[in-house]
Amino acid sequence: MNLSPEAFVEVTPYLLTGLWYTLIITIIGVLIGCVIGTIFGIMRLSTNWFIKTVASIYVEVVRGTPLLAQIFFIHFGIPALFNFNFDALITAFGVIALNSGAYLAEIVRGGVQSVDKGQLEAGRSLGLNGRQTMRHIIWPQAVKIMIPPFGNQFIISLKDTSLLSAIAVTELMYQGQTYASITFASFETYLMVCVFYLLITIPASILLRFTERRLDHS
Amino acid sequence: MNLSPEAFVEVTPYLLTGLWYTLIITIIGVLIGCVIGTIFGIMRLSTNWFIKTVASIYVEVVRGTPLLAQIFFIHFGIPALFNFNFDALITAFGVIALNSGAYLAEIVRGGVQSVDKGQLEAGRSLGLNGRQTMRHIIWPQAVKIMIPPFGNQFIISLKDTSLLSAIAVTELMYQGQTYASITFASFETYLMVCVFYLLITIPASILLRFTERRLDHS
Amino acid sequence: ACGTDDTEGDADDADVNGDDTDDVEAEDEEGADDEDEEAVEDDGDENGGDGSVEGETFTVATDNNFVPFAFTDLETDELTGFDIELMNAIADEVGFEIDYEPVDFAASLSGIQSGSYDAAINAMSITEEREETVDFSDPYYFDAGIILAVADGNDEIQSLEDAEEQGATVSTRQGSTSQEYLEDNVDGIEIEAFPEITEAYEAVIGGHVDAVLYDEPNVAYHTEDLADGQMVTVGETLLADDYGIGMPQDHELVEPVNEALETLKENGTYDDIFEDYFGERPEGT
Amino acid sequence: MIKVKDLHKSFGKNEVLTDITTEIDAQEVVCVIGPSGSGKSTFLRCLNRLEDITLGEVLIDGVNIADPKTDINAIRQDVGMVFQHFNLFPHKTVRDNVMLAPHKLKGESTREVRDRSLNLLEKVGLADKADAYPSSLSGGQKQRVAIARALAMNPKVMLFDEPTSALDPELVGDVLAVMKDLANEGMTMVVVTHEMGFAKEVGDRVFFMDEGRMVEEGTPTQVFDDTTHERTREFLSKIL
Amino acid sequence: MIKVKDLHKSFGKNEVLTDITTEIDAQEVVCVIGPSGSGKSTFLRCLNRLEDITLGEVLIDGVNIADPKTDINAIRQDVGMVFQHFNLFPHKTVRDNVMLAPHKLKGESTREVRDRSLNLLEKVGLADKADAYPSSLSGGQKQRVAIARALAMNPKVMLFDEPTSALDPELVGDVLAVMKDLANEGMTMVVVTHEMGFAKEVGDRVFFMDEGRMVEEGTPTQVFDDTTHERTREFLSKIL
Ligand SMILES: Nc1ncnc2c1ncn2[C@@H]1O[C@H](COP(=O)(O)OP(=O)(O)OP(=O)(O)O)[C@@H](O)[C@H]1O
Ligand SMILES: Nc1ncnc2c1ncn2[C@@H]1O[C@H](COP(=O)(O)OP(=O)(O)OP(=O)(O)O)[C@@H](O)[C@H]1O
Ligand SMILES: [Mg+2]
Ligand SMILES: [Mg+2]
């Protein structure tokens, strides 16, 4: 046992820098993921066989492979073949967007499907067409249903950004690894890394549970 | 574009070795995780404040931190402080067990809670005590509810083992990285790595959906 | 330093100077060209030589966690290191701008092969095989060896031979010259190759492995400057590679870079930067 | 008003409606009764093509709605429907539930629609709930809003699928009262119901369905008191 | 048989039962009526302590079940309960539903319990369904199994909470017939129900509850036909 208390203090500024990147990557990545998820989620609900299959393949492949493999494939595999390179930060945004997009597509699909079928029937029987019913009746209710799983996905993606340390993106995990490899204060460093993640994820999930409860009541 | 088709063939034996480790680690890890999850899941349902809090802390901390941070904390942090060490494979089993255990604890809790409250009331009003009702009425139904999310957790844990490459466990991802670092055939290697994961995850999720549907009907 | 292809020749005659001689010769040959042009350029320095690269911006691939060559300074969050400062000095000398791209070693190599980067400076060993597909500058770091390190207090392993005898586990970085060296030159050692060298060091401190073998300057930096004596180097330096700046073949930067490197060596700037990162002035000055 | 000719409806291989032919005149109130699973709801839902029609014709005011070329959205504006479980839009206020369709479909100005909505809500006795959300209403109130919503499009026919069977017994009366008023004003109505009192008092005709067939149709007295059909008698003996 | 003294029940600050005092004799059949939310279910559930009792006493055969020292599991074996939504155990066959409690609690041999289960299932007319799973039964059948299950412990009292209100109208009769038989055999019964016909024919006494209070108790004729209470009259006018 040789705990060095000063390491807890020393590591903090490094981790704060990392946290900043972690948050930026998560927020931008998930926002782009929302757009992707909405498009592919709606595609999966399509009655057109082709559109549906394309969307399903995207969703299944992304959900069926580890994020780390996706990161390596995108960051090393694709440039090796096509002879172009991009900044690790671009990979970071891209991979979080692509990955969360697939999960969000399922959330969008699930949200729309879990709106009571009676709502569609009520809309259609008033004479609204499919598009109008979707827009004014189904979608607003589906979005409300999607909020909790969306929040959950945000937390998952936030934790997922830690894998970007493998391609030297200076997010929280990477900063911790670097500090630990310099000082070898591994215990103190990784404890603090966990604490920093918890500082975001715990309040986020409390907020999420609160929102969920409020939505339940309304 | 300089695709080398022979790389696809050459990498296969490496990946097969990796796949074997991936499967072993996942299966043993998740099995231990089941035990942990059952214990902590039931603890979270306890009316005893202390037991409940202990279980909640475990679950929230594990679910609130990235698996990669957990791996580093356990594999590098703890040995650095306490001056003992273990084989990377032990860390592998342990970390998958601990991690899946927390998620499985939530599945167990959710499963028990989603058994209709009327079942408990029916059991109790027949004169069965709490334990008997739990054992003969609630638990058998809860287990059935847990099967699909359990299968899902298995797939997630399988993908999670890829992070063990960071501590040189020779699972699928690590084997891919090794091959790629030797040959620079990154595109071919990581594509094959993804294919290998899909070979397990896609059949697993089809089986899962099938089971889910069968359970729904009965 | 990373990369597997570069040891084939070096490994066999690790401590012999044979390779060095080759490099010196190569340098001499190119040096001849340099001198001719230098005369021209010295005069016209003000108006930027032939003006072809001055004022332009080039994309340079580098590393960001390879101390002391190229790494992110955690305090300033800026890229620094011997490679970076040297490259900056070269850029100043010639008069171009640099856009750094921190990338993985393998990606940097394929990047300059394909021409998507204009240069790569990340402690890249000059090897014959690489020279077939890329151009190197003159060497800017000589005799970079690899060395073994163990946790402080480990008296049993004092050399690679000790490790061999004890059947020790030795960690290193995946795909590095050190891994290749271990695979080709020693028996009875269990190799644990980590994706990142930082993890290989931590494995030593955590006690998961008995020793680590890696590029000497990097190991030295970790053992002496940072790690508070938790890890110590043992045995002698093995291998001896020269590092060069990699560039696409026949790239317009090759000549200006070599000229600038020469100038920096002559005017002492090179030595100053060297001293900043290695604590002493390079041999022979 | 409504003509049904040789209507068949199958779900997969399961034939749920077999060979139904009947006519319903304007201003008529028809009550449909029958055991559970006999196809009452399916029959009703075929009348505005909420279920695709497998075979046969359904003509509303002379337009064959089974024809894929028919603009079914236009037809549906003339056919109001009220569901067992209300199906109010939970994210909209009571007023907006009523206003939605006229506003989006008839392109009427907001003021105009607003006034009419209020009139309709007054008619069903819920003008004071205009700004409430459905979740704050009792079942009976919800169903009355649902009726007002269906009326907002000025339909020529109203279809009711067990409008009171999800309600607490004390709340049934209010809904039936609204339906009675509607019938007295001359609305054409098809009502699937187990409320025999309503059927007797308001119904012009009663359809008895069993196993997808129209077993019997006649005035309430004919069906309830003087039926000659064994199956009808058996059914009535159970529920009365 | 059952004595209730000054029973109060609150959920948090919300007092749901206020000061209820009454007695139910052996072999009596009591029907409890009242508007939704008036506390009928809560009252019933206090009789076997499915709800904790906030204040007051409930004595079953002289034992105060509100007393925390009472072995409530023993008492509950004497008090059968039938729920609105049946609450059959879906993972067990009909026979196992009936056998479970006697087998686990009375330590009877499997043979013995088996025979008795079959007798009970015969009594409710479902001997042929012994090996079926609940999911394959109709609502009425489910409820009859639930009655058999409750009877399997040989209870002295049976509590019914709206046993027929989740059933299709044609299935109500069978369940009521079983309950009628039970009453005729002399079972003490407390039945929350909206089936006035049953209350009139079988009930010895009717309780009318409103807002957590016992507003009126009397014979069916007294309550249904000659009530002097304004609130009762209002309620009856709505549901009859
Ligand atoms: N969407 C559907 N898919 C498959 N079968 C269906 C569907 N809807 C109804 N059915 C079947 O059609 C038959 C008639 O159902 P329908 O709902 O019309 O009966 P109903 O007379 O309205 O009964 P209830 O009184 O229970 O409402 C039933 O056997 C039912 O199982
Ligand atoms: N578990 C509970 N927690 C909080 N409030 C409850 C609970 N159970 C019942 N209540 C409240 O107690 C009151 C009485 O409910 P109860 O179910 O006894 O009424 P009821 O007469 O059976 O009504 P119904 O005819 O709808 O079944 C209601 O206001 C209800 O909201
Ligand atoms: Mg129906
Ligand atoms: Mg109740």
Side-chain angles (χ1 to χ4, degrees), chain B residues 34 37-38 41-42 45-49 51-52 104 107-152 208-218, chain E residues 41 44-52 60 65 71-92 96-107 133-136 142-143 145-161 166:
Chain B
C34 277
T38 307
I42 291 175
L45 289 164
S46 162
T47 46
N48 179 311
W49 174 88
I51 290 177
K52 203 167 162 168
L104 289 167
I107 289 170
V108 168
R109 184 174 78 128
V112 170
Q113 283 181 340
S114 64
V115 173
D116 180 23
K117 237 189 112 223
Q119 293 290 314
L120 175 73
E121 294 185 347
R124 296 306 303 273
S125 72
L126 283 171
L128 298 169
N129 64 31
R131 194 173 293 261
Q132 289 166 324
T133 309
M134 186 70 187
R135 174 149 163 233
H136 300 293
I137 296 165
I138 309 295
W139 193 248
Q141 297 181 55
V143 165
K144 213 166 127 183
I145 296 171
M146 289 174 213
I147 291 173
F150 168 79
N152 201 35
L208 191 61
R209 240 168 284 172
F210 176 78
T211 316
E212 222 164 316
R213 212 165 305 148
R214 257 201 35 188
L215 288 175
D216 259 10
H217 279 280
S218 72
Chain E
S41 298
L44 205 69
R45 293 157 61 87
C46 283
L47 298 185
N48 70 347
R49 221 174 78 186
L50 267 188
E51 300 291 355
D52 284 321
I60 307 260
I65 67 165
D71 176 4
I72 190 66
N73 294 320
I75 301 286
R76 283 181 183 149
Q77 298 182 23
D78 290 339
V79 184
M81 184 145 190
V82 174
F83 300 87
Q84 180 176 9
H85 292 105
F86 332 130
N87 297 350
L88 292 185
F89 306 136
H91 59 301
K92 295 193 175 287
D96 288 343
N97 263 276
V98 178
M99 280 172 64
L100 179 73
H103 187 62
K104 298 291 170 203
L105 292 174
K106 300 219 156 160
Y133 280 89
S135 57
S136 68
K142 281 181 189 159
Q143 196 60 298
V145 174
I147 294 173
R149 179 176 70 177
L151 290 175
M153 293 301 289
N154 284 325
K156 298 176 189 155
V157 190
M158 285 280 284
L159 310 178
F160 293 84
D161 193 358

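Being a predicted model, the structure only gives us computed values, none of them experimental. Chain letters run A, B, ... following the sequence lines, proteins first, then strands; residues in each count from 1.
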Query - Lys92(E) side, atom NZ; Ile137(B) side, atom CD1 - distance, nearest 0.5 Å - result: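 Spacing of NZ (Lys92(E)) from CD1 (Ile137(B)) equals 7.5 Å.
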Report task. Can you measure from CE (Met153(E)) to OG (Ser125(B)) and round to the nearest 0.5 angstrom? Result ->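 Rounded to the nearest 0.5 Å, the CE-OG separation comes to 10.5 Å.
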Query raised in the report: Which heavy-atom pair separates Leu128(B) from Leu100(E) by the least distance, and what is that distance?
Result: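 Result for this residue pair: CD1-CD2, 3.9 Å.
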Query raised in the report: Looking at Leu126(B) and Ala150(E), what are the two nearest heavy atoms and their distance?
Result: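 Minimum heavy-atom separation between Leu126(B) and Ala150(E): CD2-CA, 4.3 Å.
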Query raised in the report: Counting N and O atoms only, with roles assigned by atom type, does the side chain of His91(E) sit under 3.5 Å from a partner on the main chain of His136(B), one being a donor and the other an acceptor?
Result: yes
Requested in this report: Flag the one option from Gly130(B), Gly123(B), Gly127(B), Ala122(B) with the top tally of heavy-atom pairs under 4.5 Å to chain E.
Outcome: Gly127(B)
Report summary line: Assert top hit (heavy-atom pairs under 4.5 Å, partner chain B, pool Ala74(E), Gly80(E), Pro90(E)) equals Pro90(E)
Query - Under 4.5 Å from any heavy atom of chain B - which part of Arg49(E) - result: neither
If you look only at distance, which donor and acceptor atoms sit under 3.5 Å apart when one is on a side chain in residues 81-89 of chain E and the other is two or more places apart or in another chain?
unit_1	atom_1	unit_2	atom_2	d
Gln84(E)	NE2	Ser165(E)	OG	2.8
Asn87(E)	ND2	Gly118(B)	O	3.1

Report summary line: Bottom line for Asn129(B): the part with an atom under 4.5 Å from chain E's heavy atoms is both
Query raised in the report: Which atoms of Gln119(B) come close to chain E, meaning under 4.5 Å heavy atom to heavy atom: side chain ones, backbone ones, both, or neither?
Result: both
**Report entry** side chain to side chain contact (heavy atoms under 4.5 Å, CB included) between Leu105(E) and Gln132(B), intermediate numbers included
**Finding:** CA-CA 10 Å; Leu105(E) 292 174; Gln132(B) 289 166 324; 3.6 Å; yes
